[in-house]
Amino acid sequence: MLAAHGVSFAYDRGAPLVLDGVSLSIERGGIVGLIGPNGSGKTTMLRLLSGTLKPASGRVTLDGADVGALSRRHLARRIAVVPQDTHSAFDFTALEIVLMGRYPHLSAFELEGATDLSIARDALAATGTIGLEARPFATLSGGEKQRVVIASALAQASDVLLLDEPTASLDPGFQLEIAALLLRLNRERGVTMAVSTHDLNLAATLCSDLVLLKGGRAIAAGATRDVLTRENVRILYGVDADVADHPRAGHLIVVPLARVE
């Protein structure tokens, strides 16, 4: 459905490549995790997938069509992005933030109508934030802000969600809440997702497949259970870790033990 074919990218002419010949594929209804250390190219890959950046070489396709040939409005109707930074420079309410997701479906100078309002409130309900609709966005907690931003992406009515560090800076309770929300949206609504994260346990919880990035290259890709191994954690992060099934969690758990040379 959404795929990168040997993409390379540098932010400036002559600068080192941030991504170098990376390929990945996100099938409809799947959840693919992008994991790797700082500077490995995870966020850049999400920007390439969303069409906000163009690869220096290679291509990104959506249902076989080159993303670079599609209009911004068409892309926004198909792909929604949940950024790591959820701050707003203006004093919008939660409902107003979610209504912004309807913009790709409005013509020039058209205002939101009753249908848009209904869709926005459905998205708030789906993320458990309907009771926050009148609250100023700036007054919400970190977890509440993240759920409202995800609601805005749902209101966009896109096929694909691209999420950049969706649980960064959240406490364990909110991390579990966001993970449960994303799983529910995937299972009940069939939302396709790509998730950039440092949290290996979140990746193990959410993702059917992983792409491991280091130094701008994909060092491994495939089913989470095959790729998330002790050896790969050591290669990625220089950390010795136990990677094993947890009987109560029902998925792999990663426990870092020590830094290794």
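Note that the numbering runs from 1 along the sequence shown for the chain.
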Closest non-hydrogen contact found for Leu99 with Ala120 is CD2-CB, 3.7 Å
On a heavy-atom basis, which atom in Asp159 and which in Arg28 lie closest, and how many Å separate them? OD1-NH1, 4.4 Å
Interatomic distance, Glu231 atom CD to Leu236 atom CG [nearest 0.5 angstrom]: 10.5 Å
Any side-chain heavy atom of Val233 sitting closer than 4.5 Å to one from Leu200? yes
Linking I/L/V/M/F/W/Y whenever their side-chain heavy atoms sit closer than 4.5 Å, directly or via other members, would Leu49 and Val18 fall into one cluster? yes
Can you list everything that forms a side-chain hydrogen bond (donor to acceptor under 3.5 Å, both in side chains) with Arg102? Sequence neighbours excluded, please. Asp116
Of all residues at least two apart in sequence or in a different chain, which pass the salt bridge (Lys or Arg N to Asp or Glu O under 4.0 Å) check with Asp240? Arg230, Arg234
Run Thr93 and Arg135 through side chain to side chain contact (heavy atoms under 4.5 Å, CB included) and show every step you take. CA-CA 5 Å; Thr93 65; Arg135 286 268 302 277; over 6 Å; no
Close side-chain approach of Arg225 and Asp245, heavy atoms under 4.5 Å: yes
With side chains defined as the heavy atoms from C-beta onward, is the minimum distance between Val60 and Val7 less than 4.5 Å? yes
Find out if a path of hydrophobic residues (ILVMFWY) with successive side-chain heavy-atom gaps under 4.5 Å connects Leu17 to Met45. no
How long is the gap from CD1 on Ile130 to OG1 on Thr127, to the nearest 0.5 Å? 8.5 Å
When the side chains of residues 161-168 are checked against the rest of the protein, which donor-acceptor pairs come out under 3.5 Å, sequence neighbours left out?
{"residue": "Asp164", "atom": "OD1", "partner": "Thr43", "partner atom": "OG1", "Å": "3.2"}
{"residue": "Asp164", "atom": "OD1", "partner": "Ser196", "partner atom": "OG", "Å": "3.3"}
{"residue": "Asp164", "atom": "OD2", "partner": "Thr43", "partner atom": "OG1", "Å": "3.0"}
{"residue": "Glu165", "atom": "OE1", "partner": "His198", "partner atom": "N", "Å": "3.3"}
{"residue": "Glu165", "atom": "OE2", "partner": "His198", "partner atom": "N", "Å": "3.2"}

Can you find a pair of side-chain heavy atoms, one from Val260 and one from Val239, that are under 4.5 Å apart? no
Under 4.5 Å between any side-chain heavy atoms of Phe137 and Val149, yes or no? yes
In sequence, state the C-alpha distance, the side-chain angles, and the governing distance for Phe174 and Ser141, and then conclude on side chain to side chain contact (heavy atoms under 4.5 Å, CB included). CA-CA 10 Å; Phe174 280 128; Ser141 70; 3.5 Å; yes
Would you call Ser118 and Asp122 a side-chain contact if the rule is heavy atoms closer than 4.5 Å? yes
Considering only distance and modelled atom types, tabulate donor-acceptor pairs under 3.5 Å from the side chains of residues 203-216, sequence neighbours left out.
{"residue": "Thr205", "atom": "OG1", "partner": "Asn201", "partner atom": "O", "Å": "2.8"}
{"residue": "Thr205", "atom": "OG1", "partner": "His251", "partner atom": "NE2", "Å": "3.1"}
{"residue": "Ser208", "atom": "OG", "partner": "Ile31", "partner atom": "O", "Å": "3.1"}
{"residue": "Asp209", "atom": "OD2", "partner": "Ala223", "partner atom": "N", "Å": "3.4"}
{"residue": "Lys214", "atom": "NZ", "partner": "Ile235", "partner atom": "O", "Å": "2.5"}

Side-chain donor or acceptor of Lys54 paired with backbone N/O of Gly68 under 3.5 Å: no
Distance in Å, Ile35 CD1 paired with Leu202 CG, rounded so as to fall on 0.5 Å steps: 10.5 Å
Does the side chain to side chain contact (heavy atoms under 4.5 Å, CB included) test come out yes or no for Ile150 and Leu181, once each step is laid out? CA-CA 9 Å; Ile150 292 171; Leu181 169 62; 4.1 Å; yes
Which residues satisfy the salt bridge (Lys or Arg N to Asp or Glu O under 4.0 Å) test with Asp20, sequence neighbours excluded? Arg217
Any chance you could measure Leu140, atom CG, to Leu132, atom CG, to the nearest 0.5 Å? 5.5 Å
When every non-hydrogen atom of Ala218 is compared with those of Val22, the smallest separation belongs to N-CG2, 4.0 Å
Mind listing the closest non-hydrogen atom pair of Leu70 and Ala65 along with its distance? CD2-CB, 4.3 Å
With sequence neighbours left out, the residues meeting salt bridge (Lys or Arg N to Asp or Glu O under 4.0 Å) with Glu133 are Arg121
If hydrophobic clusters are built from ILVMFWY residues whose side chains come within less than 4.5 Å, do Ile219 and Val243 share one? yes
If I take atom CD from residue Gln156 and atom CD1 from residue Ile79, how far apart are they, to the nearest 0.5 angstrom? 9.5 Å
So, applying side-chain contact (heavy atoms from CB on, under 4.5 Å) with Arg77, which one of Ser71, Pro104, Ser158 is it? Pro104
Connected via hydrophobic side-chain network under 4.5 Å: Val98 and Val82: yes
For a side chain to side chain contact (heavy atoms under 4.5 Å, CB included) check, start with the C-alpha distance between Ile26 and Leu24, then their side-chain angles and the critical distance, and finish with the verdict. CA-CA 7 Å; Ile26 308 167; Leu24 62 85; 3.9 Å; yes
Using a 4.5 Å cut-off on heavy atoms from C-beta on, say whether the side chain of Thr192 contacts that of Met1. yes
Is there a side-chain contact between Arg189 and Arg184 (heavy atoms, below 4.5 Å)? no
Answer yes if Ile178 and Leu176 sit in the same cluster of Ile, Leu, Val, Met, Phe, Trp and Tyr residues linked by side chain heavy atoms under 4.5 Å apart, and no otherwise. no
Looking only at heavy atoms, what is the nearest atom pair of Ser40 and Leu19, with distance? O-CD2, 4.1 Å
How long is the straight-line distance from CZ of Arg73 back to CZ of Arg78, given to the nearest 0.5 Å? 15.5 Å
Which heavy atom in Ala151 sits nearest to a heavy atom in Ala123, and how many Å separate them? O-CB, 3.2 Å
Donor-acceptor pair, side chain of Ser8 and main chain of Ala56, under 3.5 angstrom: no
Could you tell me whether a side-chain N or O of Asn186 sits under 3.5 Å from a main-chain N or O of Gly29, the two making a donor and an acceptor? yes
